[in-house]
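Notes to accompany the following structure.
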Amino acid sequence: MQLILYQRDDCHLCDLALLELARAAVPDFVSVFIDEDPDLEQRFGVRVPVLLDVDTMRELAWPFDVDTVRHWLSAGA
């Protein structure tokens with residue numbers, strides 16, 4: 001499973017999402033900042049943070065907690 005967390009610079013919600021992902025012991029993921037990418041800006045806009053499973057293209061948008069993250073990960077396995 002390849003995961004990407006789309007986020008913004010200086011984003012309080014993104015910081016909270018990172019904490020929840022750490023608490024859920026999410027496997028390795030890549031952080032991508034959308035601020036300088038017009039295509040990503042258009043796609044995600046104010047929806048960040050968004051966790052994307054690249055293999056299935058499933059998205060988990062904020063807000064989420066540990067239980068939600070674990071359930072989402074297990075559903076995609």
Query raised in the report: Are F44 and V32 connected in the hydrophobic side-chain network, where two residues link if heavy atoms are under 4.5 Å apart?
Result: yes
Requested in this report: Hey, could you give me the SG/CZ distance between C11 and F33, rounded to the nearest 0.5 Å?
Outcome: 9.0 Å
Query - side-chain contact (heavy atoms from CB on, under 4.5 Å) between W72 and L51, intermediate numbers included - result: CA-CA 10 Å; W72 184 82; L51 187 63; 3.6 Å; yes
**Report entry** Straight-line distance of Q42 CD to I34 CD1, nearest 0.5 Å
**Finding:** 11.0 Å
**Report entry** Charged N-O contact under 4.0 Å between R8 and E36
**Finding:** no
Query raised in the report: Salt-bridged, R43 to E59, with N to O below 4.0 Å?
Result: yes
Query raised in the report: Near D10 CG, under 6.0 Å, is it more than 12 heavy atoms from other residues, nucleotides or ligands?
Result: no
Query raised in the report: Hey, quick one: are I4 and F29 part of the same hydrophobic cluster, counting side-chain heavy atoms closer than 4.5 Å, chains of contacts allowed?
Result: no
Query raised in the report: Is the count of non-hydrogen atoms from other residues, nucleotides or ligands lying under 6.0 Å from D28 atom CG greater than 12?
Result: no
**Report entry** M57 with V30, same ILVMFWY side-chain cluster at under 4.5 Å
**Finding:** yes
Requested in this report: Answer yes or no: is there a donor N or O on one side and an acceptor on the other, between the side chain of D53 and the main chain of L3, under 3.5 Å?
Outcome: no
Report task. Give a yes or no answer on whether the side chain of E20 reaches the backbone of D65 with a donor-acceptor pair at less than 3.5 Å. Result -> no
Query raised in the report: Under a 4.5 Å side-chain heavy-atom rule over Ile, Leu, Val, Met, Phe, Trp and Tyr, are L73 and L60 clustered together?
Result: yes
Query - For the student: nearest non-hydrogen atoms of P49 and L5, plus distance - result: CB-CD1, 4.0 Å
Report summary line: Rounded to the nearest 0.5 Å, the CE atom of M1 sits from the CZ atom of R58 at a distance of 6.0 Å
Query raised in the report: Out of curiosity, does L18 fall in the hydrophobic cluster containing V26 (side-chain heavy atoms, cut-off under 4.5 Å, transitive links)?
Result: yes
Query - F64: ring pair (Phe, Tyr, Trp, His ring centres under 6.0 Å) partners, not counting sequence neighbours - result: W62
Report task. Any chance you could measure L21, atom CG, to C14, atom SG, to the nearest 0.5 Å? Result -> 10.5 Å
